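Remarks on the structure that follows.
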Amino acid sequence: MNDRLDLKIVFTGTPGAGKTTAITALSDEPPVVTDVANTDVALAKSKTTVGLDYGRVSLGPGRGVRLFGTPGQVRFDFMWKILAADAFGIVILLDNSRPDPLSDLRLYLNTFKDALDRSACVVGVGRTESIPKPAIDEYIDVLSEFGLVLPVLAVDIRKREDVLVLVECVIALAEARADIE
Amino acid sequence: MSPLAHWRIVNNTGLDDEARLNACMLARPIQFDALIDALSIVEKDILESPAAPVHEDTVPAALEAAPMHVALMSSVAATPTAAATPSFPLLLPLAQAPQAIPLQPQPPALPHAIAQSRVRLRRWPPADILHSSRHGLRLATFISARWLKIDELKLLSGIQTQDCSEFLARLHEAGLLAVQADTASPPAEGMSALVTAIRTDAASASPAVKPPAAPSEPRPPAPRPSASRGLLQALRIKLGLFRGAAS
């Protein structure tokens with residue numbers, strides 16, 4: 001009998017949006033990362049994730065929440081669906097300073113369309129203070145195009161409390177969708 | 001209507017101004033909400049106690065005597081004059097604290113018909129509505145995922161009916177609520193009946209956060225629990241998140 005009981009939350013989103021940072025903020029242990037030196041001049045960062053990030057929040061013997069971060073770049077998109085399989089929560093992290101962040105959101109919504117039917121999904125948008133456009137309302141418009149009503153929050157992923165707010169939303173969504181036991 | 005005030009009490013002994021400011025900063029959502037919840041309970045006890053009445057222009061004697069500064073965080077007055085609210089320093093000596101600074105207008109009343117119906121978000125609310133209630137994010141998240149009556153929302157979220165009602169009223173006023181007439185079985189009484197009602201409603205919840213179906217449309221099949229409630233609650237405890245939800 002398998003006495004392990006794990007949940008899985010996947011952090012996905014554009015390169016540099018803070019997926020590794022979010023997992024680091026939550027994980028009990030330093031996360032396993034697969035960062036390598038960045039060769040993409042479009043990314044203003046020295047390292048980027050090419051495989052996955054992994055962290056874990058222990059909830060007691062055999063119980064915990066696994067935290068996975070997807071690689072950001074689209075050429076690694078084959079990893080996205082693999083990691084999202086059986087996730088109870090998906091956090092989409094976007095970067096408002098990207099050239100077309102609304103298209104980024106559309107990309108992730110299309111990619112995770114099937115997973116959204118069974119996972120609690122939240123959208124976090126970073127760098128809205130320095131780059132106010134597009135406004136959060138425009139992200140909500142994009143979700144409406146897909147017939148979705150999801151939490152969309154401006155976040156500074158460097159702040160642990162902002163990461164916790166995203167997780168809070170994931171948990172609340174999961175609670176709302178679960179039957180009363 | 002009696003004004004209510006939330007007081008933040010700061011022990012400033014031995015601290016310079018900057019350290020004192022840092023000391024009184026609370027991180028949302030954990031410490032801040034927990035403190036406000038605790039103070040709300042104390043405040044209610046004080047207001048209801050005949051031995052220690054609180055009037056608009058007085059504070060409890062115990063506070064007056066204490067060697068501390070009081071920072072006025074927020075207050076609610078009877079008239080919605082938020083635009084005229086003067087700015088004031090974060091920390092004020094007790095004698096200089098304004099008596100009643102209105103911050104928000106009175107919340108709109110929730111129409112009775114909506115209070116008796118299941119509701120769901122049409123669209124994620126803008127930040128000003130979301131933050132009009134300290135539980136706005138949590139409440140909006142619940143009704144973004146499924147149709148809920150106000151009692152069911154209270155049971156699932158662990159948030160008081162009054163807070164639920166006020167927030168739903170704001171959403172309704174902004175046109176963000178879809179309303180579904182209650183077609184469930186005849187109402188029963190008590191908590192078990194409420195749980196039964198929610199179980200019944202599980203059959204009406206959509207399998208994902210799809211836009212609300214029109215009331216006349218058939219209800220989609222029930223979602224199966226995607227995660228153990230016990231684990232979710234354990235995760236809340238581990239991360240120090242709001243723990244009001246039913247376990």
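Sequence lines set the chain letters: A, B, ... in the order given, protein chains first and strands last, and positions in each chain run from 1. Nothing here was measured: the structure is a model prediction, and the numbers come from that model.
Listed by first then second residue, pairs satisfying salt bridge (charged side-chain N to carboxylate O under 4.0 Å, His left out) with a partner in residues 123-134 of chain A read A:Asp95-A:Arg127, not counting sequence neighbours.
The parts of A:Val152 that come within reach of chain B are both its backbone and its side chain, each placing non-hydrogen atoms under 4.5 angstrom from that chain. When heavy atoms are compared at a cutoff of 4.5 Å, A:Ile136 does not approach chain B at all. With a 4.5 angstrom heavy-atom cutoff, B:Leu130 touches chain A only via side-chain atoms. Residue B:Ala140 does not touch chain A at all, counting heavy-atom pairs closer than 4.5 Å.
Note that CG of A:Leu59 and CG of B:Leu239 are 8.0 Å apart. Values are rounded to the nearest 0.5 Å. In this structure, CG on B:Leu241 lies 5.0 Å from CD1 on A:Ile171, to the nearest 0.5 angstrom. Separating the CG atom in A:Leu153 from the OG1 atom in B:Thr141 is a distance of 7.5 Å, to the nearest 0.5 Å. In this structure, CZ on B:Arg123 lies 4.5 Å from CG on A:Asp141, to the nearest 0.5 angstrom. The structure places CZ of A:Phe88 at 5.0 Å from CG of B:Leu232, a figure rounded to the nearest 0.5 Å. The structure places CZ of B:Arg138 at 5.5 Å from CD of A:Glu168, a figure rounded to the nearest 0.5 Å.
The two residues B:Ser144 and A:Leu173 come nearest to each other via the heavy atoms OG-CD2, 3.5 Å. Pairing each heavy atom of A:Ala176 with each of B:Phe142, the nearest pair is CB-CD2, 3.3 Å. When all heavy atoms are compared, the tightest approach of B:Ala234 to A:Arg63 is CB-NH2, 3.6 Å.
Counting heavy atoms from C-beta outward, B:Lys238 and A:Asp28 have side chains that approach closer than 4.5 Å.
Counting heavy-atom neighbours within 6.0 Å of A:Glu138 CD, excluding the residue itself, gives a total above 12.
In this structure A:Asp77 satisfies the side-chain contact (heavy atoms from CB on, under 4.5 Å) test together with A:Val74, A:Trp80, sequence neighbours excluded.
Ranking A:Asp137, A:Val167, A:Val65 against chain B, the residue ahead of the rest is A:Asp137, based on heavy-atom pairs under 4.5 Å.
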